[in-house]
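Please read the structure below before turning to the comments.
Position 1 is the first residue of the sequence; numbering continues from there. Given the structure is predicted, the values throughout are model-derived calculations rather than measurements.
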Amino acid sequence: MMLTALGLMSGTSLDGVDVALIETDGRQVKAFGPSGYRPYSPAERNLLRQALSEAVHLQQRDARPGVLAEAERAVTRAHAEAVAAFVAQNRMKPEDIDIVGFHGQTVLHRPEKRLTVQIGDAPALAKAIHIPVMYDFRTADVEAGGQGAPFVPVYHRALANSLEREGPIVVVNIGGVSNITYIDGNDTLIACDTGPGNALLDDFMYRTMNQAFDAEGKFAALGKADEAWIVRALELPFFAAPPPKSLDRNDFAALRLGEVPPADGAATLTAFTAAAIARIIPLLPRRPRSWIVCGGGARNLTMLRMLRERVGSATVEAAETLGWASDAIEAQAFGFLAARGLKGLPLSYPATTGVPMPMTGGVMARP
């Protein structure tokens with residue numbers, strides 16, 4: 001049975017809430033619907049940055065001390081507003097949507113402690129939008145010993161299978177953290193985080209230029225990357241570890257560039273992201289033939305160029321060029337995952353998160 005599923009995603013880049021509608025049975029995508037976006041205000045973004053700092057000390061996934069409770073209310077309100085605006089703009093009614101997939105905002109990801117924390121009050125959201133909400137997708141995986149991330153590979157496979165091109169294909173999502181899905185036919189699905197995505201670069205731009213990000217990579221294009229710094233950074237044990245593996249947004253926050261011209265710093269951090277993605281190649285079963293880039297990093301032309309320079313003869317293309325809605329893919333994925341969770345289908349696998357067996361997940365909140 002096909003479901004009309006609305007996916008919601010607020011990523012580690014802290015930019016806002018993506019909304020996307022798909023028609024799916026949880027195995028294939030019958031149709032893509034419209035998508036939308038509700039940016040976080042500067043005040044909301046600052047509140048979330050404070051929440052990330054305070055979340056470092058969390059020991060329980062349902063604890064909301066200090067500013068975390070306020071941040072959770074802000075996240076819930078932003079998502080409710082995003083859905084209300086989407087429904088109004090597309091002249092829909094709540095009853096036109098069967099299920100909402102609500103990821104929430106990750107504030108801490110510590111799978112080695114079997115702990116992952118996404119803030120957002122799903123029961124309150126379901127009541128506000130009058131639609132059933134599936135949430136808490138990652139916890140079952142983490143509690144079973146999985147990494148709890150990345151969680152979009154099953155959706156990437158559904159998209160890649162529609163291309164009918166020779167594999168292996170790698171779908172790269174460059175958000176705050178970068179992750180890859182390696183697809184080689186129906187049988188081989190491997191996924192992992194590869195390193196920082198936009199997080200280090202965004203934080204650097206905010207700190208040095210008071211800008212949220214480097215639009216189209218124009219600033220990095222003016223600078224010169226410090227290749228020696230990149231080589232040293234890639235010596236961190238994470239990069240040599242085989243997949244599956246995952247990261248918290250702030251795992252590389254301790255890396256410091258020192259005193260460098262801002263353009264050189266932006267160039268170095270952009271090149272570091274590209275180099276970290278390419279570093280996964282020797283850890284994969286076969287060398288990929290094509291790389292498809294989605295997420296915010298797909299709009300960074302300098303990052304795409306730097307990735308092309310590091311992956312040899314393989315093609316590198318932005319997802320938009322294939323007709324995929326790059327900005328909406330993660331939101332679409334959580335609509336897809338909600339449909340899968342509703343049907344008890346696996347959301348994660350041993351080769352995507354390291355979980356011992358294929359795992360379903362998600363918790364339902366009804367209006």
Side-chain angles (χ1 to χ4, degrees), residues 11-15 45 49 52 170-180 192-240 247-283 288 290-321 326-327:
T12 48
S13 295
L14 309 181
D15 50 357
R45 202 174 289 126
R49 288 180 188 276
L52 283 168
V170 172
V171 180
V172 189
N173 177 61
I174 306 178
V177 168
S178 290
N179 57 63
I180 60 114
C192 65
D193 288 349
T194 59
N198 299 313
L200 289 182
L201 176 61
D202 289 352
D203 290 350
F204 178 81
M205 292 297 292
Y206 183 74
R207 203 165 54 241
T208 60
M209 305 296 291
N210 200 29
Q211 294 178 19
F213 58 95
D214 181 12
E216 296 182 1
K218 288 178 179 175
F219 196 62
L222 301 173
K224 185 175 187 300
D226 184 343
E227 291 293 339
W229 185 93
I230 294 167
V231 167
R232 286 195 303 275
L234 288 174
E235 288 171 355
L236 288 165
F238 173 84
F239 297 108
L247 291 167
D248 182 78
R249 182 190 188 280
N250 290 328
D251 276 350
F252 293 98
L255 286 174
R256 284 285 177 257
L257 287 169
E259 292 299 318
V260 294
D264 289 354
T268 300
L269 293 174
T270 305
F272 178 40
T273 294
I277 294 167
R279 177 69 180 78
I280 201 68
I281 294 172
L283 304 173
S290 54
W291 299 74
I292 300 166
V293 184
C294 54
R299 290 193 301 274
N300 186 320
L301 304 181
T302 303
M303 194 173 285
L304 290 179
R305 172 177 62 76
M306 289 176 167
L307 184 58
R308 283 189 188 99
E309 290 166 356
R310 293 176 186 267
V311 298
S313 60
T315 60
V316 175
E317 56 205 313
E320 298 282 353
T321 64
S326 180
D327 288 341

Report yes if the side chains of [X] and [Y] come closer than 4.5 Å at any heavy-atom pair, otherwise no.
{"X": "Asp15", "Y": "Asp202", "result": "no"}
{"X": "Tyr206", "Y": "Arg49", "result": "yes"}
{"X": "Thr273", "Y": "Leu201", "result": "no"}
{"X": "Asp226", "Y": "Val260", "result": "no"}

Mind checking side chain to side chain donor-acceptor pair (under 3.5 Å) for Gln211 and listing every partner two or more places apart, or none if nothing turns up?
none
Would the distance check show the side chain of [X] and the main-chain N or O of [Y] forming a donor-acceptor pair, the cut-off being under 3.5 Å?
{"X": "Thr268", "Y": "Asp264", "value": "yes"}
{"X": "Asn198", "Y": "Gly175", "value": "yes"}
{"X": "Arg45", "Y": "Leu14", "value": "yes"}
{"X": "Glu320", "Y": "Ser326", "value": "yes"}
{"X": "Asp203", "Y": "Leu200", "value": "no"}

Distance from Cys192 atom SG to Asn179 atom CG, nearest 0.5 Å?
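CG of Asn179 is found 8.0 Å from SG of Cys192.
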Between Phe252 and Phe204, is the ring centre distance below 6.0 Å?
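No, the ring centres sit 6.0 Å or more apart.
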Taking all atoms of both residues into account, what is the closest heavy-atom pair of Cys294 and Val171, and its distance?
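Minimum heavy-atom separation between Cys294 and Val171: SG-CG1, 4.0 Å.
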Minimum heavy-atom distance Asp193-Phe238, with the two atoms named:
O-CZ, 3.4 Å
